[in-house]
Amino acid sequence: MLFLDALLAASLLASVWGFFYLRPQSGVSAPVLSETIQALDEKTAPILDRNSGADSSSLIRTRVSLDPQDWHEKFADHFTDQIVSTDTSYTSPDLAIQISRHSYDTSRLDQTGDGSHKRYGTSVAYVLADIYVGDITCLQTAFAQNTYGVGYSEMLSDMAGRLGAVLAVNGDSYSNNRHRDNGTIIRNGIIYRSKKTDVETCVLNWDGTMHIYQPDEIKASQLIRGGAYQSWVFGPSLLDASGKAKTSFRTWDYIRQSHPRTAIGYYGPGHYCLLVANGRQTGYSRGLFLEEMAQIFEDLGCSAAYSLDGGHCSFMTMEGQTVNHPYRPEHQVSDGIFITEALK
């Protein structure tokens with residue numbers, strides 16, 4: 001009887017989880033970035049009406065304010081007249097991507113939590129994509145199934161193929177809290193959600209600058225007027241205002257343990273990097289602690305860096321090939337970051 005009671009309880013919990021978190025619920029169809037650019041060129045109204053199931057949802061575009069400096073000239077020595085692609089690099093008139101792989105022994109076991117991480121050892125391995133873009137539209141985001149909502153998921157590799165992306169990583173799993181008290185979500189210059197949050201928010205602006213806001217600093221109205229292009233709500237931030245690695249982080253205990261991780265780094269307008277750390281693989285890579293990942297970004301010379309979703313979600317593809325070494329096969333995610341050729 002005890003076994004049957006436990007089985008029934010587990011079944012009920014699984015049903016609740018599936019109903020509220022896995023079942024696709026009424027969502028908002030996300031306009032692709034080319035539609036937004038076209039609308040701006042045509043000087044149409046700044047409001048987009050999209051059908052959201054039984055309800056109508058108004059999606060507001062943020063103000064577009066571009067960097068007056070031409071990034072093609074700024075980074076001319078990184079771009080090439082024609083597409084040149086190898087296993088670890090890609091260059092074109094708009095893009096320059098260089099992949100590098102790194103591994104080292106930290107001499108540190110992860111003894112946090114219940115000690116289950118100790119078996120993975122002390123080594124870590126990660127892959128880094130150094131990225132120069134000639135246009136801000138080279139850095140795009142997308143929702144799974146092109147829909148903002150709860151329960152929508154898709155393989156990152158399929159999303160990358162759909163967008164024609166050169167490089168892709170997972171995003172912040174924006175729907176992990178059923179939209180409740182989970183911050184402001186802006187993607188490709190359109191605001192989808194504006195709610196309170198207790199975590200830091202990373203914002204990439206149309207002019208290529210990046211800023212990380214504390215929970216009490218974030219105001220959707222300011223982001224709209226200020227020209228926010230993308231925003232992510234996961235975190236934490238990894239560097240202080242001087243670009244030095246933080247040693248304390250605004251997050252919860254589980255995130256402080258060593259994990260496979262994904263993060264975005266910022267050098268300056270038009271120059272970014274994406275890092276994916278492998279993990280949970282005995283003798284190869286246990287995953288990174290936050291302070292270890294923060295130190296990597298400081299050593300790189302980034303001025304800002306922000307942690308995205310990790311664990312099984314951490315995944316990077318380049319031209320259809322898996323770049324990192326995940327501990328499990330690819331699974332579906334709710335959103336991603338995509339490096340593409342510029343929209344003309």
Side-chain angles (χ1 to χ4, degrees), residues 31-42 64-102 126-142 146 154-171 187-189 204-210 229-230 262-276 300-303 315-325 330 335-344:
V32 296
L33 182 55
S34 58
E35 292 181 13
T36 298
I37 299 299
Q38 181 181 7
L40 293 171
D41 291 342
E42 295 173 354
V64 176
S65 178
L66 300 176
D67 188 349
Q69 186 172 14
D70 187 342
W71 297 348
H72 292 94
E73 295 180 0
K74 181 180 179 182
F75 304 123
D77 56 335
H78 294 279
F79 302 136
T80 51
D81 293 337
Q82 304 294 326
I83 292 176
V84 180
S85 178
T86 72
D87 290 342
T88 58
S89 66
Y90 179 99
T91 57
S92 75
D94 292 313
L95 282 178
I97 302 171
Q98 181 66 53
I99 299 293
S100 58
R101 293 179 171 83
H102 309 263
Y126 64 92
V127 60
L128 182 76
D130 188 43
I131 303 163
Y132 293 88
V133 300
D135 189 289
I136 194 62
T137 62
C138 292
L139 196 158
Q140 302 184 33
T141 54
N146 204 38
E154 188 178 357
M155 293 290 192
L156 182 72
S157 55
D158 291 340
M159 297 167 71
R162 173 158 53 83
L163 270 69
V166 178
L167 183 82
V169 298
N170 61 286
R187 299 294 163 86
N188 297 333
L204 175 67
N205 296 304
W206 279 100
D207 65 4
T209 58
M210 179 179 287
Y229 176 55
Q230 315 284 358
T262 301
I264 184 170
Y266 166 72
Y267 296 93
H271 187 194
Y272 313 95
C273 63
L274 292 166
L275 181 150
V276 173
L300 288 170
C302 290
S303 57
F315 203 76
M316 179 186 287
T317 70
M318 183 169 173
E319 295 195 281
Q321 301 298 315
T322 303
V323 177
N324 65 312
H325 193 281
E330 181 184 6
D335 66 323
I337 299 173
F338 303 91
I339 308 301
T340 73
E341 292 290 353
L343 295 178
K344 304 300 184 182

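In what follows, residues are counted from 1 in the order of the sequence shown. Values in this document were obtained by computation on a predicted structure and should not be read as measured data. Side-chain atoms are counted along with the backbone in the values below, which use heavy atoms only and exclude waters and symmetry mates.
For the pair L128/V276, no side-chain contact is recorded, criterion being any heavy-atom separation below 4.5 Å from C-beta on. With contacts defined as side-chain heavy-atom distances shorter than 4.5 Å, the pair I136/L66 qualifies. Between L139 and I339 there is a side-chain heavy-atom pair separated by less than 4.5 Å. In this structure the side chain of S100 never reaches within 4.5 angstrom of the side chain of V127, judged on heavy atoms.
Of the residues I83, D135, V133, the one that meets the side chain to side chain contact (heavy atoms under 4.5 Å, CB included) test with E341 is I83.
In this structure, F79 and A96 approach most closely via the heavy-atom pair CE2-N, 3.8 Å. Among all heavy-atom pairs drawn from M159 and G336, the shortest one is CE-N, 4.0 Å. Taking both residues in full, the closest heavy atoms of L156 and F315 are given as CD2-O, 3.6 Å, listed atom of the first, atom of the second, then distance. Nearest approach of A342 to T137, heavy atoms of both residues: CA-OG1, 3.6 Å. What you find for M318 and T88 is that their closest heavy atoms are CE-C, 4.5 Å. Residue I99 comes nearest to M316 through the heavy atom pair CD1-SD, 4.2 Å, listed as atom of the first residue, atom of the second, then distance.
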> Would F338 and V166 satisfy side-chain contact (heavy atoms from CB on, under 4.5 Å), going step by step from the backbone distance to the final call?
Replying inline: CA-CA 7 Å; F338 303 91; V166 178; over 6 Å; no

> What's the verdict on side-chain contact (heavy atoms from CB on, under 4.5 Å) for I337 and Q140, showing C-alpha distance, side-chain angles and the deciding distance?
Replying inline: CA-CA 6 Å; I337 299 173; Q140 302 184 33; over 6 Å; no

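Looking at residues two or more places apart in sequence or on another chain, you find a side chain to side chain contact (heavy atoms under 4.5 Å, CB included) between H271 and F75, D130, Y132, Y267. Applying the salt bridge (charged side-chain N to carboxylate O under 4.0 Å, His left out) criterion to E154, with sequence neighbours excluded, gives R162. Every residue meeting the salt bridge (charged side-chain N to carboxylate O under 4.0 Å, His left out) condition with D94, not counting sequence neighbours, appears here in chain and number order: K344.
One finds the NE2 atom of H78 at 11.5 Å from the OG1 atom of T91 (value rounded to the nearest 0.5 Å). For the atom pair OG1 (T262) and CG (N170), the distance works out to 3.5 Å, reported to the nearest 0.5 Å. For the atom pair N324 CG and T317 OG1, the distance stands at 9.5 Å (nearest 0.5 Å). Summarising the geometry, atom CG belonging to L33 is positioned 8.0 Å from atom OG1 belonging to T340; distances are rounded to the nearest 0.5 Å. Between atom CD1 of residue I97 and atom OG of residue S89 there is a gap of 9.5 Å, rounded to the nearest 0.5 Å.
W206 and Y229 have tilted rings, their planes meeting at an angle from 30° to 60° on a 0 to 90° scale.
S303 places a side-chain N or O within donor-acceptor distance of the main-chain N or O of Y266, the cut-off being under 3.5 Å. Between the side chain of K74 and the backbone N or O of G270, no donor-acceptor pair lies under 3.5 Å. Looking at R101, its side chain does come within 3.5 Å of a backbone N or O of V323 through a donor-acceptor pair. Although no hydrogens or angles enter the test, the distance criterion places a donor-acceptor pair under 3.5 Å between the side chain of S92 and the main chain of L95.
Of the N and O atoms on the side chains of E330 and T322, not one donor lies less than 3.5 Å from an acceptor on the other residue. Inspection of the N188 and Q230 side chains reveals an N or O donor paired with an N or O acceptor under 3.5 Å. Checking D207 against S65 by side-chain atom types alone, no donor-acceptor pair falls below 3.5 Å.
Summarising the local packing, CG of D87 is surrounded by 12 or fewer heavy atoms from other residues, nucleotides or ligands at distances under 6.0 Å.
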